[in-house]
Protein chains: 2
Amino acid sequence: MQRGTFELMKSVNKSIILNKIRTSAPISRAQIAKETKLTPPTVSSIVKELIEQEIVRESSLGESKGGRKPTMLLINSDAFYVIGVDAGPENVACVLADLSGKIYERNSSRLELPITNEQFIEILKGNIHKLLQSLTTIKDKIIGIGVAMHGVVDVEEGTSLIAPNLNLRNIPIKAELEQEFNLVVNVENDARAMALGESWFGGHGEVDSMVAVNIGRGVGSGVVVNGKLYHGAQDIAGEFGHMTVDINGPECSCGNRGCLQAFVSGSAIVKKAKTNIQSAPDSLTGEEIYKSAHAGDGAYIEILEYTGQIIGIGLTNLIHLINPEKIVLGGGVMKSEKFILPFIKQTIDQMALTPEAKLTEVTVTSLGDDATLLGAVSLLLVELFDPVI
Amino acid sequence: MQRGTFELMKSVNKSIILNKIRTSAPISRAQIAKETKLTPPTVSSIVKELIEQEIVRESSLGESKGGRKPTMLLINSDAFYVIGVDAGPENVACVLADLSGKIYERNSSRLELPITNEQFIEILKGNIHKLLQSLTTIKDKIIGIGVAMHGVVDVEEGTSLIAPNLNLRNIPIKAELEQEFNLVVNVENDARAMALGESWFGGHGEVDSMVAVNIGRGVGSGVVVNGKLYHGAQDIAGEFGHMTVDINGPECSCGNRGCLQAFVSGSAIVKKAKTNIQSAPDSLTGEEIYKSAHAGDGAYIEILEYTGQIIGIGLTNLIHLINPEKIVLGGGVMKSEKFILPFIKQTIDQMALTPEAKLTEVTVTSLGDDATLLGAVSLLLVELFDPVI
DNA sequence: CCCAATTTAGTTAAATTAATTAAGTTGGTA
DNA sequence: TACCAACTTAATTAATTTAACTAAATTGGG
């Protein structure tokens, strides 16, 4: 229960101004005041603080509109840096990025199974150390580490509760990394991190609600409402992949029948292709399906189109429940966007109940393979840009 | 974008104190200060205002804990009254209630089809006038009218966009009633109103997220997060009834296949019973199914149990997406709670992915047939108790 | 072309709001 | 009487707002 204090009042306004600058830079103090309804002195005093903190800087003068020229403000992107980690089921990728999401350095390691908690942590530490060594000059400008971890995560504790493909449990990521690097560490589920990253770096402007869905090895999702991740009562919201869409459908790894994931995950698609297409080799991969479809093989195209339809059904269910402003899709399966996306849209258009639901904007992430990594980065930016206590 | 102002600061604290009194009355100023972390002078000054506004009153002195006896505070329930309207597809029910949800007067009218917008509005006006006449002494203590309307509602405008069973569109409920009675009028979808009512009057304490599901003629739902209704980007969140759970399932009135509603709405259950049970009469009603099951007829019991399983699947999907703290069920179908609820719980327990999801509390509304009416009442109480601007 | 009027940008200082801190007062128990 | 909890009052503080100001540009009339 957040009390009404002076601190709250100020942090709310600080956050409003900072986000206005972030989404509308370059922008003048006067323009901020006009758009946010804050008074000019309030804007000036908070901007002054932000400049002192080096989060914001003045740039050139803007064009006059019949009076004194405005001083334009920008986020001082390279004043601070953040380390982002994407800890997937197969590899760990790390980046060093600035406040604008620009990546300066990166590396990654494959995870060899079997693996222990200690080995996993060691790989994380090793890769982060490598990043730090490569750019020693900015070492003291790094404000923290964001980790996007697959599986179920306890955000408060910063531990990975269940990491399915690695077959690990209770990895104290936050504790270990904070001790090693003496930096703030935030850990979050990968799909949720991707959702946050998309809302920060996806160029969506000031969107009020957005869902990001990652379709790859598994199917995960994250919900962003008013710029913040929605976690649910017990931190487990967004398990979109195990939504039942067919009570008599194929068996899923979770034991239930007809989960979305049992239809549209990478392995589910490969399985379906092998079953339906006689000529399919036993070693068939998702990438090969995409290539065959691209080469014009009708049988493979059909598989992908069917995948699009099922995803469309799942998304229609999601739209009817959550009614987000936008849905952004990412993950390996969406590499076949060309074949899948039109069928997703068509299905939503057919099934949605109301005109509003039909109009929900569905796109593929513009951040490509870095969507989750930038999500990891954004896990820390939230602390800097949304200092609502 | 809500600015940080003194008004915000104060209204936040006012709301915190008011809700603390509401959920923990009788409670002393000192106790409020302790539990909310607000300072004693802040609590005293706000309480003073609330007493002047007659929303709160002092009651007896409490027990001393080694010092001066505390003055206990209560919501001054009968200082203000609210009119609640449940405008369903078949009838319109109205109540006059106080701030504690106690109902003082009620009436209802059946809706005869076909009906026009004007006739519908006239019935609403007539019933509300009747309520007002019966208790003229408190007329000037009425603060407003809350309308829980079935179908799709535009909350901002207070119009019913689509009223399916009445076959009406664009009914300007708010505008008409405000003009007629010169009172604040809030209009909301019925399932959402029920959700809000449940969170206010259901005795759940300070629950942070809750979903209410109404299963009757149709299947609707409302989501309450942090004491507020979640509307979604275009006011259409919560269309739980048209969640696809079986892509090859029975056809639904919306045109899609396998919507939850096509399995578990009152008419869907009757239809299934008629198909499955040879001896079922053509005139079979939902009530008769309940009675037969209650009398021990295995065939009917099975129908209800199956209904419970399908609802369970739908709720599992909902839990995985939204992860609410509690789920409350209402509506005509839930009259057969005895047969349905155990199977809902069993299904969730079987299908839920994580231990947390399995533990989601699922109950039937304790408010009975008045759940939606009290929801309509709560539509106005929010304005009084949550004056966050 | 010059200069006064106007417009826009931003700052400063006083007024205001409402919380907090510190120091009572009240009314009880042991 | 000592002490303690439950308030209240007065002074302090933080932060916004109002109003008045400085700064710098455009506009348009003579």
Side-chain angles (χ1 to χ4, degrees), chain A residues 1-18 20-21 24 26-52 56-74 387-389, chain B residues 1-18 20-21 24 26-53 56-73 387-389:
Chain A
M1 212 169 1
Q2 179 54 56
R3 284 169 301 149
T5 59
F6 293 102
E7 206 182 350
L8 172 78
M9 183 162 61
K10 186 160 195 182
S11 69
V12 165
N13 290 339
K14 207 166 185 171
S15 167
I16 289 174
I17 290 174
L18 213 32
K20 178 57 80 180
I21 297 175
S24 310
I27 187 172
S28 67
R29 291 168 175 82
Q31 193 64 21
I32 293 172
K34 217 170 283 169
E35 290 183 23
T36 60
K37 305 269 169 76
L38 291 165
T39 57
T42 302
V43 174
S44 281
S45 105
I46 289 179
V47 164
K48 193 179 161 198
E49 263 184 48
L50 292 172
I51 289 175
E52 276 164 11
V56 167
R57 67 181 173 85
E58 293 184 335
S59 69
S60 56
L61 296 183
E63 281 308 295
S64 161
K65 279 177 276 175
R68 176 175 166 177
K69 284 183 179 172
T71 313
M72 306 312 267
L73 302 166
L74 295 172
V388 174
I389 38 159
Chain B
M1 210 168 2
Q2 181 53 57
R3 284 167 302 149
T5 60
F6 293 99
E7 207 182 350
L8 172 79
M9 182 162 64
K10 186 160 195 182
S11 68
V12 164
N13 289 339
K14 206 167 187 171
S15 167
I16 289 174
I17 290 174
L18 212 33
K20 178 58 77 181
I21 297 176
S24 311
I27 185 170
S28 68
R29 291 169 177 81
Q31 193 63 23
I32 293 173
K34 217 171 284 169
E35 290 184 22
T36 61
K37 306 265 169 79
L38 292 166
T39 59
T42 301
V43 174
S44 282
S45 107
I46 289 179
V47 165
K48 193 180 162 198
E49 263 182 49
L50 291 172
I51 289 174
E52 276 165 11
Q53 290 173 48
V56 166
R57 67 181 173 85
E58 293 184 337
S59 71
S60 56
L61 296 182
E63 281 308 295
S64 162
K65 279 178 273 177
R68 176 175 166 178
K69 285 183 179 172
T71 313
M72 305 313 264
L73 302 167
V388 174
I389 37 156

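Naming: A, B, ... by sequence-line order, numbering from 1 per chain. Just so it is clear, the model here is predicted, and its values are computed rather than measured.
For A/Ser45, the side chain to side chain donor-acceptor pair (under 3.5 Å) test picks out no residue, with sequence neighbours left out. Applying the salt bridge (Lys or Arg N to Asp or Glu O under 4.0 Å) rule to A/Glu58 yields the partners A/Arg29; only residues at least two apart in sequence or on another chain are considered. Shown here are the side chain to side chain donor-acceptor pair (under 3.5 Å) partners of A/Glu35, two or more places apart in sequence or in another chain: A/Lys20, A/Gln31. With sequence neighbours excluded, the residues that form a side-chain contact (heavy atoms from CB on, under 4.5 Å) with A/Lys37 are B/Arg3. The side-chain contact (heavy atoms from CB on, under 4.5 Å) test applied to B/Ala30 returns B/Ser28, not counting sequence neighbours. Under the rule for a side chain to side chain donor-acceptor pair (under 3.5 Å), A/Ser44 has no partner lying at least two apart in sequence or in another chain. Partners of B/Gln53 according to the side chain to side chain donor-acceptor pair (under 3.5 Å) rule, which considers only residues two or more places apart in sequence or in another chain, do not exist here.
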Legend entry - Trace of the side chain to side chain contact (heavy atoms under 4.5 Å, CB included) decision for B/Val43 with B/Thr39: CA-CA 6 Å; B/Val43 174; B/Thr39 59; over 6 Å; no
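When all heavy atoms are compared, the tightest approach of A/Thr42 to A/Ile17 is O-CD1, 4.5 Å.
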Please table the atom pairs, donor to acceptor, closer than 3.5 Å between any side-chain atom in residues 63-72 of chain A and protein atoms at least two apart or in another chain.
from	atom 1	to	atom 2	distance (Å)
A/Ser64	OG	A/Gly66	N	3.0
A/Ser64	OG	A/Gly67	N	3.0
A/Ser64	OG	A/Gly67	O	2.5

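Of the residues in residues 62-71 of chain B, B/Ser64, B/Gly66, B/Gly67, B/Arg68 come within less than 4.0 Å of DNA chain C through at least one heavy atom, sorted by number. Contacts with DNA chain D (heavy atom under 4.0 Å) in residues 30-45 of chain A: A/Thr39, A/Pro41, A/Thr42, listed by number.
For DNA chain D, the contact window with chain A, defined by any atom under 4.0 Å from a protein heavy atom, covers D/dA14 to D/dT26 in 5' to 3' order.
Map A/Phe6 and B/Arg3 each onto its nearest nucleotide of DNA chain D; the residue landing nearer the 5' end is A/Phe6.
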